[in-house]
Colleague: 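Below: one structure in structure tokens.
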Amino acid sequence: MSGARMDGHLRSPWRLSRTIAGLMLLAAIGGCGGGTPGNTGRGPSSAIPSGHPLIGTWTVEVTRADLAAGGISDPGLQNENAGRFTWTFAPDGSWTSIQQSLDGAPIANPVFRGTYAFEGDTLVARTAFPEQFADAGLHYTWVVTGDEVSFDLLDPPDPILPITMESHPWRRDG
């Protein structure tokens, strides 16, 4: 998720935070409108407050058309970065991102894992697995509104991550 290349293809953030650290997966400051902004008022923390609004599982579908609208026309990049992304934030500060193809296209790395923490109003998602995508963390702002969360990836390391993370609100799963 950090613009790293695998098999000649840019990896989406949802291998989140693959640079995903999106899953996928995951990071933030308070956003606009009503809803619950991601502000803990503290520095980096490994202890996530009980009942934090991001804890749980979130899903989004990113289509080939979404990628094309974002300027990604290469069929290989569309194959690798389209799909249903599921990003789970656990209370212990770990996250897992799983990508499933929408049309049977092979996905080189469908599972990403890492840790997340908050630095003030920013979610920082660090990728630990797969090891070749380990990173220092992607920074996100976010807003939870009802059963949806919208992410804004700050300083994206490649052009695909914002498409994956920002094209559609993520919906709470379950």
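These numbers come from a predicted model, not from an experiment.
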Colleague: Donor-acceptor pair, distance only, cut-off 3.5 Å: does the side chain of Glu166 make one with the backbone of Ser150?
Modeller: no
Colleague: Can you measure from OG1 (Thr59) to CZ (Arg171) and round to the nearest 0.5 angstrom?
Modeller: 8.0 Å
Colleague: Do Pro157 and Leu138 come close enough that some side-chain heavy atom pair is under 4.5 Å?
Modeller: yes
Colleague: Measure the spacing between CD of Gln100 and CD of Glu61 and express it to the nearest 0.5 Å.
Modeller: 9.0 Å
Colleague: Looking at CG of Leu77 and CD of Glu80, how far apart are the two atoms once the value is rounded to the nearest 0.5 Å?
Modeller: 8.5 Å
Colleague: Without swapping roles, check the side chain of Trp170 against the backbone of Thr86 for a donor-acceptor pair under 3.5 Å.
Modeller: no
Colleague: As an exercise, state the distance from OG1 of Thr63 to CG of Asn81, rounded to the nearest 0.5 Å.
Modeller: 12.0 Å
Colleague: Using the side-chain contact (heavy atoms from CB on, under 4.5 Å) criterion, which residues pair with Ile55? Sequence neighbours excluded.
Modeller: Ile48, His52, Pro91, Tyr116
Colleague: According to side chain to side chain donor-acceptor pair (under 3.5 Å), who are the partners of Asp103, at least two apart in sequence or on a separate chain?
Modeller: Arg64, Ser101
Colleague: Going by side chain to side chain contact (heavy atoms under 4.5 Å, CB included), Asp173 matches just one of Thr88, Asp147, Thr57. Which one?
Modeller: Thr57
Colleague: Identify, with sequence neighbours excluded, every residue that meets salt bridge (charged side-chain N to carboxylate O under 4.0 Å, His left out) alongside Arg172.
Modeller: none
Colleague: Tell me the closest heavy-atom pair linking Gln78 and Ala68, and the distance in Å.
Modeller: NE2-CB, 3.8 Å
Colleague: With Pro130, which residues qualify under side-chain contact (heavy atoms from CB on, under 4.5 Å), at least two apart?
Modeller: Asn109, Phe112, Gln132, Phe133
Colleague: Heavy atoms only: give me the nearest Ala136-Arg126 pair and the separation to one decimal.
Modeller: O-NE, 3.3 Å
Colleague: Could you check whether any side-chain heavy atom of Val149 comes within less than 4.5 Å of a side-chain heavy atom of Val143, counting everything from C-beta outward?
Modeller: no
Colleague: Give the minimum heavy-atom separation between Val144 and Pro53, together with the two atoms involved.
Modeller: CG2-CB, 4.0 Å
Colleague: Suppose we screen for side chain to side chain donor-acceptor pair (under 3.5 Å). Which residues come up paired with Ser167, at least two apart in sequence or across chains?
Modeller: none
Colleague: Working to the nearest 0.5 Å, report the span between CD1 of Ile163 and CG of Leu67.
Modeller: 5.5 Å
Colleague: Give the intermediate values and the outcome of side-chain contact (heavy atoms from CB on, under 4.5 Å) for residues Phe118 and Leu54.
Modeller: CA-CA 11 Å; Phe118 298 96; Leu54 280 181; 4.3 Å; yes
Colleague: Side-chain contact, heavy-atom cut-off 4.5 Å: Leu123 with His139?
Modeller: no
Colleague: How would you list, by chain and number, every residue that makes a side chain to side chain donor-acceptor pair (under 3.5 Å) with Arg113, sequence neighbours excluded?
Modeller: none
Colleague: Rounded to the nearest 0.5 Å, how far apart are CD of Glu148 and CH2 of Trp58?
Modeller: 8.5 Å
Colleague: Among Leu153, Val62, Val60, Asp66, whose side chain to side chain contact (heavy atoms under 4.5 Å, CB included) with Thr164 holds?
Modeller: Val62
